[in-house]
Protein chains: 2
Amino acid sequence: MDTKTLCLGVISLGAASGYEIKKAFEEDGLNHIYHTSYGSIYPALTALTEEGLVICSEMAQAKRPDKKVYSITEAGRGALLEALSAPPAEDKFRSDFLFIMFFAHLLPPSSVAKLIDQRIAWYEQNLAKMGAGGDCICSKGDAFVHGMGVAVYSSALEYLKSHRQAFLDQLSGASRLVAE
Amino acid sequence: MDTKTLCLGVISLGAASGYEIKKAFEEDGLNHIYHTSYGSIYPALTALTEEGLVICSEMAQAKRPDKKVYSITEAGRGALLEALSAPPAEDKFRSDFLFIMFFAHLLPPSSVAKLIDQRIAWYEQNLAKMGAGGDCICSKGDAFVHGMGVAVYSSALEYLKSHRQAFLDQLSGASRLVAE
DNA sequence: TTTCGCATGTAAACAGTTACATGATTAC
DNA sequence: GTAATCATGTAACTGTTTACATGCGAAA
């Protein structure tokens, strides 16, 4: 998915500015499926406007910088539908954490323990946020995707918690007592 | 992690050619944590050689193209350790599938069903491969990372299986006009 | 006989992130 | 007074993918 389609999708749920689109990929339901930066969003919005897929209404705000709010056009809805109908590309995943774990035998066990603990804390924080934080963007897929995210993060967290000690023991080499 | 570090890591487990490194990121234990292409691997190997982090021994092969086998140097091990010791960057995940599901209300439910079924099949195939196929690269982290991959994929698969029908019902319930 | 696997490499095209540039308001 | 939030945008840099270029051997 290119940034243009990502923006088009968000705008299809309601008029939004570049700034708000970025937030949707940081805070709202989209944060664990894609991410973008201003450097790609703003040029994408310009291109979408030129192609007639969105229209921009400038909004002067008192006590705030001007805001450019983009709304989707009929042509835009068509383009979005077309993009969503294409066979999806494979998921792209890259994890420094997992790569480091793969080579954990090269690091001092204390460092490995610290990394795992940080990761456990990260999952706990994220799950808390996902559970509590309102599913604000309103699309039916939102809950489905959100639920899948929670399921996956939970199992990752469980795995780390339950395998942490055994892994660390194994790395320390010696056959100390293994908790059963 | 840049491609140089990825290559260095693989080579640290045993001498390898560019071709073999690529395979490690496709088939072996690394396939679900990072990926690379020849276009980034070969230049990285050249750079690593110039920096003295690996050494290259050319191997003429009968009935096969020549092979360049790279081995890690002491300096290379140092550089790898340093790279692994840096605080890991956040995981980068991007999923066309999840993005499309987020906007599932725009598509005919039959298309959504097909996508979910394909995804279920994909997880099943991958899990079968991961369960059966030997974890051939031998590092202690291998089993740990592999196990986490299996846990996460399994929960994703379970989620899709158990929520598929309810999601589809929900979609066709409210958007009958879209579905012909 | 066509495709697949082995095997290396380059160049151009494309995409994405980071840093820069600007600046007001509000909350601590 | 300092940081955070709001708000837009460009340019340089970095990194990745794709296509190209080459070519043999083995299996289907």
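A, B, ... follow the sequence lines: proteins, then strands. Residue 1 opens every chain.
- Following rounding to the nearest Å, A:Lys68 (NZ) and D:dC6 (C1') show an atom-to-atom distance of 16 Å.
- Contact annotation: A:Lys4 side-chain N/O to C:dA15 OP1/OP2 distance is not under 4.0 Å.
- Rounded to a whole Å, the CG atom of B:Leu48 is 13 Å from the P atom of C:dG9.
- Comparing B:Leu45 and A:Ser37 by the nucleotide of DNA chain C that holds the closest heavy atom to each, the one mapping nearer the 5' end is B:Leu45.
- Between B:Tyr34 and A:Phe99, the ring-plane angle classifies as perpendicular under the 30° and 60° cut-offs.
- Remark: A:Arg94 is not in phosphate contact with D:dG15, judged by side-chain N or O atoms under 4.0 Å from OP1 or OP2.
- Remark: C1' of D:dT18 and CD1 of B:Ile41 are 15 Å apart, rounded to the nearest angstrom.
- When heavy atoms are screened at a 4.0 angstrom cut-off, B:Thr46 is found touching no nucleic acid atom at all.
- As rounded to whole Å, 11 Å separates atom P of D:dG9 from atom CD1 of A:Ile21.
- At the phosphate of C:dG16, OP1 or OP2 sits under 4.0 Å from a side-chain N or O atom of A:Thr3.
- In this structure, A:Met1 atom CE and C:dA15 atom C1' are separated by 16 Å, rounded to whole Å.
- Rounded to an integer number of Å, the gap from OH of A:Tyr19 to C1' of D:dC6 is 5 Å.
- Pairing each heavy atom of A:Met101 with each of B:Val145, the nearest pair is CB-CG2, 3.7 Å.
- Within the structure, a side-chain polar atom (N or O) of A:Tyr42 is placed less than 4.0 Å from OP1 or OP2 of D:dT8.
- Going from atom OH of A:Tyr38 over to atom P of C:dT22 covers 19 Å, rounded to whole Å.
- Checked against the 6.0 Å centroid threshold, B:Tyr159 and B:His163 count as a close aromatic pair.
- A salt bridge does not link B:Lys129 to B:Glu124: none of the charged side-chain nitrogens sits closer than 4.0 Å to a carboxylate oxygen.
- A donor-acceptor pair is defined here as one N or O able to donate and one able to accept, closer than 3.5 Å; no such pair exists between the side chain of A:Ser17 and the backbone of A:Lys67.
- In this structure, B:Thr36 does not reach the D:dT16 phosphate: none of its side-chain N or O atoms is under 4.0 Å from OP1 or OP2.
- Residue contacts shown for B:Ser17 are limited to sugar-phosphate atoms, with no base heavy atom under 4.0 Å away.
- Using a 4.0 Å heavy-atom criterion, one finds that B:Phe25 contacts no nucleic acid atom at all.
- Here the side chain of B:Tyr70 is nearest to one of D:dT16, C:dG16, C:dG9, namely C:dG9.
- The nearest whole Å value for the distance from the CD atom in A:Glu27 to the P atom in D:dT5 is 9 Å.
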